[in-house]
Amino acid sequence: MSEHVIHFSNQQVAQVFRDIADAMEVLGENRFKYQAYSRAADTIDELPVSLYDYLRSGTLGDISGVGPAISAKITELLTAGTIEFRERLRAEVPDGVLQVVRVPGVGPKTALRLYRELGIADVSALEQAARSGQIRALKGLGPKLETRILEGLAAQQEAPNRFLLGEMLPLARELVAGFQSAAPMLANLSYAGSLRRSAPSVGNIDLVAAATEPEHVLNAFAALPHVARIETLQDGSAVAQLHNGKQCALYVARPEGWGAVLSLRTGSPAHRARLFTLAAERGFQLSDRGLMRDGALVPSPTEEVFYAALGLPLIPPELREDWGEIEAAQAGTLPQLVELSDLRGDMHTHTRWSDGRGTIAEMAAAAIAQGYEYYVITDHSFYMGMVNGLDAARLKQQRAEIDALNADFQRRGINFQLLQGSEVDMLPDGSLALPDDVLATLDWVVASLHVGLRQERELVTQRVLNAIRNPHVDCIGHLTGRKLLRRQGADLDLDAVFEAAAETGTVLEVDGAYERLDIDAELVKRAVTSGLRISIDSDAHRAVDLAGIEYGVLTARRGWASRDNVVNCLPWEQLRGGRN
DNA sequence: GCCGTTTTCGGCCCGACTGTTTTCAGTCG
């Protein structure tokens with residue numbers, strides 16, 4: 001067998017450097033060294049151009065954060081397929097230990113001790129040790145840590161082998177585009193499944209292709225550069241393992257059945273069950289091949305045609321959960337869902353003034369490119385030392401910079417306005433991190449929980465209620481504080497929160513950062529139903545994050561939000577006029 | 001290990017909380 005040359009995506013290379021950084025941190029290496037690897041990984045992740053192009057032109061060193069050492073290691077990986085330094089680290093810190101570090105409550109020091117002193121080299125050994133009380137035997141570690149570890153593991157295991165929407169959607173789009181150009185015989189191609197419903201986390205990528213000759217399509221699929229190997233292959237479908245460890249399934253339908261097959265591969269099990277019932281009521285059968293009557297395929301080349309055959313208008317993929325969309329479709333009351341292009345501004349963003357990476361000018365340029373009319377800078381409030389939060393004095397300085405930029409936009413005839421806000425912390429004691437007279441000077445105030453998320457229900461709820469009732473607070477940012485696949489949000493009394501927000505008109509945010517997507521679709525639906533207004537924000541820390549607001553839009557759509565429910569679909573003047 | 005309008009060495013993100021201590025290390029945001 002000939003040597004197969006592996007093609008690494010930038011994201012795969014970034015992951016290798018992240019692993020190097022984590023392993024070095026576990027080994028207690030110099031902090032600045034492993035941070036350099038970690039920073040380089042972040043930069044590589046965002047590069048618009050393949051590393052192979054940099055390699056060919058000898059310009060790896062031009063990448064910010066990539067110096068001689070990392071440049072040599074990238075070259076080694078791309079040409080030899082492996083990095084010797086990485087393998088040496090692996091000998092000291094097994095891959096399983098890197099997983100152990102990512103368990104909440106366990107840091108690099110503890111992971112190393114658990115490995116060296118108890119031989120814990122993966123998460124299942126960690127679970128066993130925590131369960132059997134072995135961890136408390138180590139000096140300085142106790143029963144509370146064991147409980148914390150088991151809770152953390154439970155949160156992770158609720159969703160084994162799941163990946164975030166923000167990782168999978170770009171990958172799926174890349175696959176679809178690559179597949180389409182490699183296989184001109186495809187009549188149609190789409191991704192499907194929970195990914196197409198924009199679920200916050202998904203297990204794999206499902207593709208549904210339309211073609212008359214499935215074998216050709218399956219061969220072209222197996223030859224895609226992303227595909228590492230084909231796991232299963234049977235008539236009309238294949239499951240592939242990708243180079244990045246993720247799984248992709250392909251289903252090939254006949255062009256005249258594609259609409260039905262795509263619909264069946266997209267809806268949730270509950271939605272699909274409704275479709276089966278509707279089909280049966282109309283004398284159809286549904287199968288892997290599509291819509292059938294008396295053993296013959298009934299043409300349904302598109303989803304419109306398929307849904308029409310069942311007496312329904314086309315239901316947007318995000319709604320296909322059986323949360324009432326079938327009834328709404330039958331009644332003709334499906335919502336006109338909000339779209340990315342409806343957004344006129346972003347209400348929650350950061351800059352270098354706190355923990356962001358971009359300057360105000362850089363973020364503004366990206367906002368103009370995104371087509372916004374306004375853009376609110378909401379850097380952190382003073383309380384969070386780590387994020388370099390702003391106090392009254394620095395807010396004043398920042399206001400001067402914003403004013404100067406706005407004057408410049410006006411001079412140049414650019415219809416764009418920067419606004420100054422704050423992401424003000426709700427402190428553990430129930431107060432806000434900035435006094436009212438300072439909040440009063442701001443254009444938009446987002447209040448968020450960052451600390452004390454594990455406070456007991458009554459306490460943490462009261463903090464949120466205090467913020468909602470503060471007349472200067474316009475919006476509650478990422479309400480629950482959840483981090484997808486990592487930690488649950490705060491234990492909030494949502495009835496009380498929604499009731500208070502309805503009284504005061506306080507906006508609830510859909511944070512588009514794809515590890516948050518908070519509030520989630522179910523809460524969006526609840527907000528929309530109870531007449532609350534939402535905002536959709538990027539929570540951007542870098543210019544490249546602005547586009548991530550799309551995940552917020554998808555989440556809002558999943559929650560049945562229309563343009564009328566979303567404050568930042570309004571022009572700023574109108575939005576400000578309607579403030580409480 | 002990387003970087004530079006503080007430029008080839010010296011600095012790079014730091015404060016609060018937690019669980020375990022008995023004066024603090026580790027984790028988190």
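The structure displayed is predicted, hence computed values, not measured ones. Because only heavy atoms are used, hydrogens play no part in the values below, and waters and symmetry mates are left out as well, while side chains stay in. By convention in this document, chain letters (A, B, ...) are assigned in the order of the sequence lines, proteins followed by strands, and residues within each chain are numbered from 1.
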*Are OP1 or OP2 of B/dC2 and a side-chain N or O of A/Ser64 less than 4.0 angstrom apart?*
no

Quick one: does any side-chain atom of [X] pair with a main-chain N or O of [Y] as donor and acceptor, under 3.5 Å?
X: A/Asp537; Y: A/Met347; result: yes
X: A/Arg516; Y: A/Thr480; result: no
X: A/Thr59; Y: A/Leu55; result: no

_With no hydrogens and no angle check, just 3.5 Å: does a side-chain donor-acceptor pair link A/His478 and A/Glu509?_
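No, no side-chain donor-acceptor contact under 3.5 Å.
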
*asked:* Under 3.5 Å, is there a donor on one side chain and an acceptor on the other for A/Ser354 and A/Asp379?
replied: yes

_Angle between ring planes, A/His350 versus A/His380, binned at 30° and 60°: parallel, tilted or perpendicular?_
parallel

*Establish, yes or no, whether the cationic atom of A/Lys246 lies under 6.0 Å from the six-membered ring centre of A/Phe163 and within 45° of the ring axis.*
yes

_Quick check on contacts: within residues 29-37 of chain A, what sits under 4.0 Å from DNA chain B by heavy-atom distance?_
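Close to the strand are A/Phe32, A/Lys33, A/Ala36, A/Tyr37.
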
*asked:* Just to be sure I understand the geometry, which residues of residues 87-94 of chain A put a non-hydrogen atom under 4.0 Å away from DNA chain B?
replied: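 Listed by number, there are none.
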
Rounding to an integer number of angstrom, what distance separates [N] and [M] when you compare their [atom1] atoms?
N: B/dT21; M: B/dG26; atom1: C1'; result: 13 Å
N: B/dC17; M: B/dC12; atom1: P; result: 25 Å
N: B/dC13; M: B/dT18; atom1: P; result: 26 Å

*Which residue, A/Lys139 or A/Val101, contacts DNA chain B at a nucleotide closer to its 5' end, judged by nearest heavy atom?*
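The residue mapped nearer the 5' terminus is A/Lys139.
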
_Let me spell it out: for each of A/Ala111 and A/Phe85, pick the nucleotide of DNA chain B with the closest heavy atom. Which residue's pick is nearer the 5' end?_
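Its nearest nucleotide lies further toward 5', so the answer is A/Phe85.
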
*Whole-Å gap separating P (B/dC17) and NE2 (A/His450)*: 15 Å

*Using both distances under 3.5 Å as the test, list the Watson-Crick or G-U wobble partner of B/dT18, or none.*
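Base-paired to B/dA25.
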
*For side chain to side chain donor-acceptor pair (under 3.5 Å), just list the numbers for A/Asn568 and A/Asp346, CA-CA rounded to whole Å, side-chain angles, deciding distance to a tenth of an Å, and then say yes or no.*
CA-CA 7 Å; A/Asn568 46 329; A/Asp346 196 330; 5.6 Å; no

